[in-house]
Amino acid sequence: MEEFLEIGHKAVNHAQKLGADEADIFLYRENHVSVKFVGGIFASRGGAVKGMKGTLARVGEFWLKKKGLPITSSGVKAGIGIRAVINKATGFSSVSSVEEKNVLEAVEEAVKIAKIRPPDPNWVSLPEAKKPFGKSGIYDKKVSDLDAGKMLDQCVDCCVTASDFDKRITQAMAMIVSTSYSFAVVNTNGVEVSDKGTTFEADIGTKAKSGSEEVASGDFLISRTFTEDLQSIATNAAMKTLECFGKKTLPEKYSGQVLFENTGWYQLFSVILTYGISALNLQENRSVYKGKLGNQVASDNVSIMDDGTLSDGYGTSKADDEGVPRQKTPVIEKGVLSNVLYDNYTAKRERKDSTGNASRQWYAVARYAVQPLIRPSNLIMSPDKGNLEDLKGILKEGVLVKGQLIGALHSNTITGDFSVTADNAFKIEKGEVAFPLKACTLAGNFYETLNHVIAIGNDSRNFGNFVCPSLIVDKIVVAT
Amino acid sequence: MSLQIEDLMSKAIEHSSKIGARFTEVKGEDTITRNIEAINNEIRTVSQIRNVGIGVRVFCGKGQGFCFSNVLDEANTFRTVETAAKIAKASAKKTLINLKLAEVTSIREKKTTKVDKHPRDVSLDDKKDLCMRMCKTAMESSKRITSVTSRFGEYFGTIYYSNTEGTQVSYEPLLVGTGASCVAKKGKTMVDARDYHGASDGLTTFEEEHSPEKMAENAAKWAIEKLSAKLAPAGKFDALVDPELAGTLAHESFGHLSEGDFVMIGGSPLTGKIGQKLGTELATIIDEGLPEKGGYKIYFDDEGVPCEKVEILKKGTLNHYLHSRVTAKAAKMAVTGNARSQDYSYEPIVRMRNTYFDVGDYKPEEALSGLKQGIYAIDSSGGQVQDTGTFLFKAVRGYWVENGELKYPLRDVALTGNILELLKNIDAVGNDLKISTTPFGGCGKMDQRAFVGTGGPHVRIKGVLFGGAA
């Protein structure tokens with residue numbers, strides 16, 4: 001860490017020497033291990049073992065049970081992203097290295113880039129040093145000490161547990177990813193902060209076959225600490241798969257209330273609401289919440305808060321990715337829109353304070369190579385009461401959607417329109433599951449459904465930067 | 001820096017022999033990616049990413065392990081090799097498949113890329129101007145154009161590869177691209193259209209037909225035209241697809257099915273079908289690293305194998321799969337040089353390079369004039385493909401055709417079907433090959449992105465299912 005801060009100061013000083021009015025640097029280092037295991041036993045039931053004599057087949061099955069196709073990768077990624085500001089124009093450059101020579105070269109590039117850009121009239125300044133900082137993120141030494149061999153054993157155990165659960169299970173896949181990271185932010189306005197953390201994620205998928213019907217589902221865990229026992233997730237994955245047998249189509253298009261298990265709701269919640277509550281999207285007229293602050297935008301029972309200080313939160317850290325302390329920001333209180341999320345740029349544009357929501361996470365790109373974007377830290381939908389069973393009783397008649405949705409990412413984030421496919425959905429009659437549904441499409445408008453929240457459960461789960469319960473919403477069209 | 005990477009790679013190879021590795025390979029990389037984006041005459045984004053690091057794959061016994069690092073000193077390099085070996089040994093105990101590598105002749109070669117106006121030698125200002133010129137031209141072309149986004153992207157540097165069999169190669173990848181997209185508005189109708197161009201070439205490629213002005217004019221013209229376009233009818237029609245859409249069909253719906261890893265686990269409907277007739281005589285689909293004209297040029301794959309030209313489908317008959325050394329060995333076929341990784345931090349998997357329909361004898365206008373009634377579908381904005389070969393693509397624009405004449409423009413149209421059916425219905429292939437590529441995006445597979453080329457000539461297909469408004 002000391003080393004990070006030292007090189008950080010050298011970098012921003014270098015930028016100023018080259019003519020930058022301001023500069024900030026994000027330094028990042030990550031140890032990443034990812035292990036995936038595709039169980040091999042199941043092919044062997046019908047394939048490799050077939051034709052062997054009785055005893056041999058049993059021995060063969062036992063032996064093969066613990067074999068499959070492991071795909072494992074591990075490594076260290078370190079790098080920096082630098083912003084240099086000259087005459088209200090920002091230049092960004094990044095390099096996958098924390099060596100002084102490379103860092104200083106990147107600084108020179110950032111300055112060059114700033115010089116060719118026109119001034120941004122909305123630019124005010126980089127963040128000032130602000131204290132106190134939020135809570136440090138959780139750093140579990142058990143995660144940082146994990147080796148791939150141990151994780152591979154866990155994957156194999158999961159596959160064996162899932163496949164032993166029922167003869168109809170034909171394939172199991174387990175994936176575990178562990179990450180330990182540290183980062184620092186230094187800028188020319190006196191910001192200097194560093195933090196570290198760990199994350200541990202497991203994902204188990206199973207397929208099952210009965211007659212000609214094939215079904216698939218799974219379960220997962222996202223945590224900041226090491227979890228030794230993944231058996232319950234493996235068992236859950238198998239159960240969630242098996243309950244899908246006997247799929248039928250809906251006699252006719254259904255329109256009305258749908259009970260979303262938290263796993264499905266979170267996908268719409270994360271994709272669409274992240275967009276809608278970003279101050280930048282309000283400022284650029286791309287959010288339906290433009291001009292709606294203080295207005296009723298959801299049912300009375302809906303409260304949503306961004307909390308960067310949540311004790312076991314995925315997005316919890318002392319400061320955000322441009323060095324602003326993490327904080328609590330109520331977004332929707334009893335249905336009323338109270339705040340949206342800001343980074344430094346959008347906040348100063350409105351003469352406000354940043355809510356500490358600058359983030360550099362982006363798909364398939366290292367964090368140091370991404371410029372700050374507005375994202376929730378831990379966006380929490382307040383739970384109410386009851387588990388999934390209780391909610392079924394409240395729904396009485398309708399559709400229950402479990403598992404993951406396909407196509408949530410293609411939702412229209414501007415309007416809130418979505419059209420997704422659910423593979424693990426069920427028809428509910430008299431408060432009980434009547435039958436599972438063949439792959440069905442669910443269409444609706446996210447912002448409209450927020451205004452028609454019938455009931456909210458207390459079974460909140462952690463989905464990375466999002467925490468939400470299962471719930472019943474109205475105004476959804478379901479077709480098989 | 002480059003000398004340092006090659007030194008560290010040799011040290012990694014040397015070190016691996018001391019710790020019981022059966023085979024070790026190292027990929028080294030030092031590349032730069034730059035992107036400039038302008039919206040409505042304003043430069044919005046300029047960013048630069050330099051990517052430097054090494055990735056090591058080690059085979060021990062039956063297992064393999066992969067580890068990467070971008071902390072480039074001797075201690076970390078050794079640790080990277082040791083971790084990869086440790087993973088390989090742990091995996092060996094669990095693996096069902098004995099991962100063997102197809103034999104190849106080891107080679108030592110350095111390929112350099114020399115072009116006029118290499119992006120390395122052109123100032124950032126000139127590149128910025130490319131974006132501004134596109135915005136300006138499109139904004140000024142019509143009052144109906146309400147928003148213009150223009151982009152410039154470049155990727156270049158050096159990729160190194162060496163292994164314990166003595167192969168040691170390097171090449172200098174190069175990709176530049178521009179794109180203009182326009183939004184046009186009339187009343188409540190809002191439509192968009194785009195034009196783009198990419199090449200493994202210097203900035204001279206953005207002259208004449210691909211000049212910023214020409215691209216912006218096209219994007220604006222097509223957007224305006226779409227304002228009065230009708231919704232495409234739904235149903236089965238004969239279709240003429242342009243080279244861009246033909247490329248998407250070749251890559252997305254057929255190419256992926258021919259990938260050796262997919263075939264090896266029996267996941268592809270092409271498994272076990274070598275030698276079978278799948279399409280008409282006119283259907284030839286090729287994948288190669290160095291197309292004569294256009295596309296993204298790759299000399300070696302990330303197992304150090306030269307990128308061979310593969311005729312996947314030859315005159316309608318399935319001829320070859322795309323392979324890494326592992327899948328080639330399992331399938332007992334020749335290596336093709338299709339093992340690629342996004343960057344040093346990913347292990348190589350089977351990927352396409354430049355995938356396209358080969359040319360036929362028809363002039364494009366002949367292919368059109370033979371279309372009695374149907375749809376001329378142009379360009380693709382993506383879609384979905386299932387393991388079975390069933391696809392849904394969205395064409396960006398199109399025309400309704402009657403008696404070989406373009407009658408009126410159509411809005412975004414969706415095409416659905418199964419590629420194995422579609423190949424049997426190809427009845428004319430043009431002689432106008434075009435292979436496109438772009439530094440924006442690329443192909444995604446198993447969380448890895450890769451730059452690819454896709455293309456073909458105009459291809460005429462009977463009885464394609466159109467889904468109406470997309």
Side-chain angles (χ1 to χ4, degrees), chain A residues 29 32-33 35 37-41 43-44 48 64 66-79 81 89-99 101-102 105-106 109-110 112-118 120 147-150 152-153 155-156 363-366 368-371 407, chain B residues 1 29 32-34 36 42-53 55-57 63-73 76 79-80 83-84 86-97 99 123-125 127-128 265-266 342-347 349 384 444 446-449:
Chain A
R29 183 187 172 104
H32 180 92
V33 185
V35 177
F37 185 76
V38 182
I41 161 184
S44 71
L64 285 168
K66 297 194 172 184
K67 304 241 169 183
L69 190 61
I71 304 164
T72 302
S73 149
S74 136
V76 188
K77 254 186 193 177
T90 309
F92 177 79
S93 172
S94 89
V95 60
S96 66
S97 167
V98 287
E99 285 168 46
K101 179 175 162 284
N102 294 329
E105 266 175 35
E109 286 298 326
K112 259 192 233 168
I113 291 171
K115 283 180 180 164
I116 69 152
R117 295 191 63 186
D120 177 348
D147 77 48
K150 162 86 182 160
L152 188 55
D153 285 341
C155 282
V156 174
Y363 170 79
V365 187
Y368 52 75
V370 180
Q371 301 189 58
Chain B
M1 175 56 81
E29 169 175 357
I32 283 181
T33 307
R34 277 198 197 99
I36 304 176
E42 229 178 73
I43 294 286
R44 286 292 178 101
T45 314
V46 184
S47 72
Q48 157 164 327
I49 299 172
R50 180 166 167 213
N51 221 6
V52 191
V56 181
R57 188 161 68 148
Q64 62 160 308
F66 178 80
C67 189
F68 61 86
S69 174
N70 65 15
V71 182
L72 296 178
D73 53 34
N76 262 295
R79 204 174 306 138
T80 306
T83 308
K86 213 163 102 185
I87 295 171
K89 285 171 190 166
S91 296
K93 293 182 202 144
K94 312 286 184 194
T95 186
L96 188 63
I97 302 163
L99 298 170
S123 78
L124 210 49
D125 257 323
K127 296 166 188 168
K128 180 192 85 173
I265 59 163
Q342 174 180 316
D343 60 38
Y344 68 88
S345 67
Y346 293 88
E347 62 186 306
I349 54 176
Q384 281 181 312
M446 290 160 79
D447 286 343
Q448 295 194 40
R449 284 176 301 137

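Side-chain atoms are counted along with the backbone in the values below, which use heavy atoms only and exclude waters and symmetry mates. Letters A, B, ... are given to chains in the order of the sequence lines, protein chains preceding strands, and every chain is numbered from 1.
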Side chain / backbone / both / neither for [X] at chain A, heavy atoms under 4.5 Å:
X      : value
B/R79  : neither
B/S91  : both
B/Q342 : side chain
B/T45  : both

Quick check for you: among B/V46, B/I43, B/D125, B/D343, which has the greatest number of heavy-atom pairs under 4.5 Å with chain A?
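Answer, by heavy-atom pair count under 4.5 Å with chain A: B/V46.
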What residue, out of B/R57, B/K89, B/K128, has the most heavy-atom pairs lying under 4.5 Å from chain A?
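Option with the top pair count is B/K128.
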Can you see which heavy atom on [X] is nearest to which on [Y], and at what distance?
X     : Y      : value
B/C67 : A/G75  : SG-CA, 4.0 Å
B/V71 : A/R29  : CG2-NH1, 3.8 Å
B/A90 : A/G149 : CB-CA, 3.9 Å

Short N-O contact, B/E42 and A/R117, less than 4.0 angstrom
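A/R117 and B/E42: not salt-bridged.
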Does this structure show an ion pair linking B/R50 with A/E109, if we count only N-O contacts that are shorter than 4.0 Å?
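Looking at A/E109 together with B/R50, the answer is no, because their closest N to O distance does not fall below 4.0 Å.
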To the nearest 0.5 Å, how far apart are [atom1] in [X] and [atom2] in [Y]?
X      : Y      : atom1 : atom2 : answer
B/K86  : A/D147 : NZ    : CG    : 4.5 Å
B/S345 : A/K77  : OG    : NZ    : 3.0 Å
B/F68  : A/S73  : CZ    : OG    : 5.5 Å
A/I71  : B/Q64  : CD1   : CD    : 8.0 Å
B/N51  : A/S94  : CG    : OG    : 8.0 Å

As a quick check of understanding, evaluate side chain to side chain contact (heavy atoms under 4.5 Å, CB included) for B/Y344 and A/S96, giving each step before the final call.
CA-CA 11 Å; B/Y344 68 88; A/S96 66; 4.0 Å; yes
Between B/L124 and A/I113, does a side chain to side chain contact (heavy atoms under 4.5 Å, CB included) hold up when you go through it step by step?
CA-CA 7 Å; B/L124 210 49; A/I113 291 171; 3.3 Å; yes
Side chain from CB out, backbone as N, CA, C, O: work out which of these in A/V98 comes under 4.5 Å of a heavy atom of chain B, or both, or neither.
neither
For the backbone of A/S97 and the side chain of B/N70, can you confirm whether one donor and one acceptor N or O come within less than 3.5 Å of each other?
no
Without swapping roles, check the side chain of A/T72 against the backbone of B/I87 for a donor-acceptor pair under 3.5 Å.
no
Pick whichever of A/D120, A/V95, A/V35 has the most heavy-atom pairs under 4.5 Å with chain B.
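Most heavy-atom pairs under 4.5 Å with chain B: A/V95.
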Mark yes or no: B/K94 above the aromatic ring of A/F37, with NZ or CZ under 6.0 Å from the six-membered ring centre and no more than 45 degrees from the axis.
no
Could you go through the side chain to side chain contact (heavy atoms under 4.5 Å, CB included) check for B/S47 and A/Q371 one step at a time?
CA-CA 9 Å; B/S47 72; A/Q371 301 189 58; 3.9 Å; yes
